[in-house]
Undergrad: 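One structure coming up, written as structure tokens, with questions to follow.
Throughout, a chain's letter reflects where its sequence line sits, starting with A, and its residues are numbered from 1.
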Number of protein chains: 2
Amino acid sequence: MLNIRNTQFEKDGAMEEAEWLNTYEPRDYPPVGVTVDLVILTIRDKELHVLLVERGEPPFKGEWALPGGFVQPDEDLHEAAARELKEETGLRQTDLDRVYLEQLKTFGKPGRDPRPLRVFTVAYLAFAPQVPEPVAGTDAENAAWMSLAATRNMKLAFDHAAILAEGVERARNKLEYSSLATSFVGPEFTISELRNVYEVVWGEQLHPGNFHRKVMSVDGYVEETGRTTERGGERGGPRARLYRWGGATQLHPALLRPSETT
Amino acid sequence: MLNIRNTQFEKDGAMEEAEWLNTYEPRDYPPVGVTVDLVILTIRDKELHVLLVERGEPPFKGEWALPGGFVQPDEDLHEAAARELKEETGLRQTDLDRVYLEQLKTFGKPGRDPRPLRVFTVAYLAFAPQVPEPVAGTDAENAAWMSLAATRNMKLAFDHAAILAEGVERARNKLEYSSLATSFVGPEFTISELRNVYEVVWGEQLHPGNFHRKVMSVDGYVEETGRTTERGGERGGPRARLYRWGGATQLHPALLRPSETT
DNA sequence: CAGGGTTATGCTCAACATTAGAAATACTCA
DNA sequence: TGAGTATTTCTAATGTTGAGCATAACCCTG
């Protein structure tokens, strides 16, 4: 049944465990590699953007891909993802602390990486707050925030288009029952800014009055700072009150997408 | 930064891709393995059970573990999980078709497997319908359905206790928004049987009348077969109508856990 | 075979949540 | 200064949920 296990790990079932370890011969195995790839989302100019890097090395040299890299021997998966996040975004530690990072899904279809090495990738999803400057890439690689619309006309390296789609889908769902929309805005934000996150990620307009009431009614979602914006909106309107995240991670009840309710 | 990538894959950035492939030397890499492990849940005697196997080989020989095995070179992850599911449960194809299988999470902490090989495991979650007989294990391994209560007093091999906990947690959440409770019952079922799935997985009693109304009101959750059970419940009551799954995968609105609503 | 306990199904009513619309107010820009 | 816009609050209509109860069908015991 299980070729590898039967023929190699379990050559001799009666062998003692310590003794068995000595007979292990790594070179007998087909080579396998594990990487982490990151879907790092942010909102810029009222559009959802993802961080992409232009590959400086083969395979897919010159093509755009999700940032990522091999998991190091002494690293746990989440550590590896956090390290890549830090390296690739160039965010300062204080911003980095506010980034949400979760494991998304693992991809391992044979042939998804053209190298003569079976590469599995553990995809992670990250929500980054608005970053003022375009990101500085590491080394020779070029990195850029791309709008999701732009990525639809691009061919991404590997199976990264599928990974990206999976990440966006997860993000849309997460907004409903978690307070993760606050990860897309600064430490202090207005209710309108928060609403804008939902509108951009979901791609639909929300009723400002209802959204306001809803956010205020969910216990622990936001708390008042007592301050307001310095000025009204760009095209008018009063100054908005500033809020910070209230500590709740789950939303009860959830903030449902209008288009899915019907 | 990325040791493996820099020192090995990217020795020469200017090299042509075809040429580069020839210089690749698998033996330069630290050995890595990828397995799939399965959290297969079912309901027996009004309790949630998980399928465990007694390991016949080191490491952890003689201890109980989640079923699983190495991903074969030509297999995608989902295929590997489906194969293990088939091998380990001994379910017939017709039952197998009704089993729900989804990727759960990937675990890769260094040292989680004592072998001199970095083992990553992609955990899958499966919901099996009631199976009449205890499961026949493959080969020399012993396999058994264990109640969740029983597993809490056992030490499972590797980090399988954590994987199991993650799977149960996911299962609890899935019932809320999806119609997956139907994967735990037979092709035709009564509303009470369906309610029992929720009660067992969530570990709390539900209001029969409200549950009934809710299930009937969600479009596409269940559809009538026109038939009823042959007799009433064991301790009395009228015959119940039989339903089958109505095709909906998402529940709108969701069927929320009472204990989480408060 | 009568009657008590049990269950499936459906109904009601109060509490709560959501939608759509609008009002009051405070600001920007021309 | 006036037109347009945004924030915040309110209201009325509608939809959903929680808890209790009612009815009828059924099993089991005596």
Side-chain angles (χ1 to χ4, degrees), chain A residues 46 175-177 185 188-199 202 204-219 221-243 250-262, chain B residues 46 175-177 185 188-199 202 204-219 221-243 250-262:
Chain A
K46 309 226 167 192
L175 289 203
E176 291 198 352
Y177 33 95
V185 293
E188 296 195 354
F189 51 86
T190 68
I191 299 298
S192 295
E193 285 170 349
L194 194 62
R195 174 163 49 84
N196 180 246
V197 172
Y198 282 86
E199 292 180 334
W202 285 348
E204 53 191 308
Q205 297 282 114
L206 299 180
H207 179 131
N210 290 343
F211 182 84
H212 199 277
R213 173 181 47 73
K214 176 73 194 185
V215 169
M216 303 309 286
S217 76
V218 173
D219 203 58
Y221 194 178
V222 298
E223 64 185 23
E224 234 167 314
T225 63
R227 298 190 293 124
T228 68
T229 52
E230 286 295 312
R231 36 163 299 158
E234 297 195 5
R235 291 177 299 187
R239 299 176 183 185
R241 296 184 202 165
L242 285 167
Y243 295 85
Q250 303 282 326
L251 266 34
H252 283 297
L255 213 163
L256 296 174
R257 279 177 82 167
S259 63
E260 297 218 329
T261 313
T262 49
Chain B
K46 309 227 166 192
L175 290 202
E176 291 199 351
Y177 325 95
V185 293
E188 296 194 354
F189 50 86
T190 67
I191 300 299
S192 293
E193 285 171 349
L194 194 62
R195 174 163 49 82
N196 179 246
V197 171
Y198 282 86
E199 292 180 335
W202 286 347
E204 53 191 309
Q205 297 281 113
L206 299 180
H207 184 290
N210 291 343
F211 182 84
H212 200 278
R213 177 188 54 189
K214 178 72 194 186
V215 169
M216 303 309 287
S217 77
V218 173
D219 204 56
Y221 194 178
V222 298
E223 65 185 22
E224 235 167 315
T225 63
R227 298 190 295 124
T228 68
T229 51
E230 286 295 311
R231 35 163 298 159
E234 297 194 4
R235 290 177 300 188
R239 300 177 182 183
R241 296 184 202 165
L242 285 167
Y243 295 85
Q250 303 283 326
L251 267 32
H252 284 296
L255 213 162
L256 296 174
R257 276 177 86 167
S259 63
E260 297 218 329
T261 313
T262 48

Undergrad: Rounded to the nearest angstrom, tell me the gap between atom CG in A/Leu256 and atom P in D/dT16.
TA: 12 Å
Undergrad: Quick check on C/dT18: is either OP1 or OP2 less than 4.0 Å from any side-chain nitrogen or oxygen of A/Lys214?
TA: yes
Undergrad: B/Phe211 has an atom CZ; how far is it from atom P of D/dA19, in whole Å?
TA: 16 Å
Undergrad: Of all the choices, D/dG18, C/dT9, C/dA17, which nucleotide is nearest to the side chain of B/Asn210 once you look at every atom?
TA: D/dG18
Undergrad: Does some side-chain heavy atom of A/Glu176 sit less than 4.5 Å from a side-chain heavy atom of A/Glu260?
TA: yes
Undergrad: Given D/dT7, is OP1 or OP2 found less than 4.0 Å from the side-chain N or O atoms of A/Ser192?
TA: yes
Undergrad: From CE of B/Met216 over to P of C/dT9, roughly how many Å is that when rounded to an integer?
TA: 8 Å
Undergrad: Please examine the side chains of B/Ser192 and B/Phe211, heavy atoms only from C-beta on, and report whether any two atoms are closer than 4.5 Å.
TA: no
Undergrad: Just to verify, what does B/Glu193 make a side-chain contact (heavy atoms from CB on, under 4.5 Å) with, not counting sequence neighbours?
TA: B/Val185, B/Phe189, B/Thr190
Undergrad: The side chain of B/His212 lies closest to which of these nucleotides: C/dG10, D/dT17, C/dT7?
TA: C/dG10
Undergrad: If you assign B/Arg213 and B/Pro208 each to the DNA chain C nucleotide with the nearest heavy atom, which residue ends up on the more 5' nucleotide?
TA: B/Pro208
Undergrad: How about B/Lys46 and B/Asn196: do any of their side-chain heavy atoms sit closer than 4.5 Å?
TA: yes
Undergrad: Taking 4.0 angstrom as the limit, do B/Arg257 and B/Glu204 come out as a salt bridge?
TA: yes
Undergrad: By the 4.0 Å heavy-atom rule, please label A/Thr190 as base, sugar-phosphate, or nothing.
TA: nothing
Undergrad: Determine, using ring centers only, whether A/Tyr177 and B/Tyr177 are less than 6.0 Å apart.
TA: yes
Undergrad: Whole angstroms only, please: what is the CD-C1' distance between A/Glu224 and D/dT7?
TA: 13 Å
Undergrad: Rounded to the Å, how far apart are B/Leu251 CG and D/dT17 C1'?
TA: 15 Å
Undergrad: Check whether any side-chain heavy atom of A/Leu194 lies under 4.5 Å from a side-chain heavy atom of A/Val222, and answer yes or no.
TA: yes
Undergrad: What residues in residues 225-235 of chain A put a non-hydrogen atom under 4.0 Å from any atom of DNA chain D?
TA: A/Arg235
Undergrad: Kindly point out which of D/dA24, D/dT17, C/dT9 is positioned nearest to the side chain of B/Ala240?
TA: C/dT9
Undergrad: Between B/Pro253 and B/His207, just flag the one whose closest nucleotide in DNA chain D comes earlier from the 5' side.
TA: B/Pro253
Undergrad: When the distance from CZ of B/Arg239 to C1' of C/dT6 is rounded to whole Å, what number comes out?
TA: 16 Å
Undergrad: Cut-off 3.5 Å, no hydrogens considered: what does the side-chain donor-acceptor table look like for residues 228-236 of chain B, sequence neighbours left out?
TA:
unit_1	atom_1	unit_2	atom_2	d
B/Thr229	OG1	B/Arg231	O	3.0
B/Thr229	OG1	B/Ala240	N	3.0
B/Arg231	NH2	B/Gly233	O	3.4

Undergrad: Mind checking A/Arg241 for me? I need base, sugar-phosphate or nothing, with any heavy atom below 4.0 Å counting as a touch.
TA: sugar-phosphate
Undergrad: When you measure from the side chain of B/Arg195, which nucleotide among C/dT18, D/dT7, C/dA8 comes out closest?
TA: C/dA8
Undergrad: C/dA20 C1' sits how many Å from A/Leu206 CG, rounded?
TA: 14 Å
Undergrad: Nearest-Å distance, CG (B/Asn196) to C1' (C/dT6)?
TA: 16 Å
Undergrad: Select from A/Pro238 and A/Ser217 the residue whose nearest nucleotide in DNA chain C is closer to the 5' end of that strand.
TA: A/Ser217
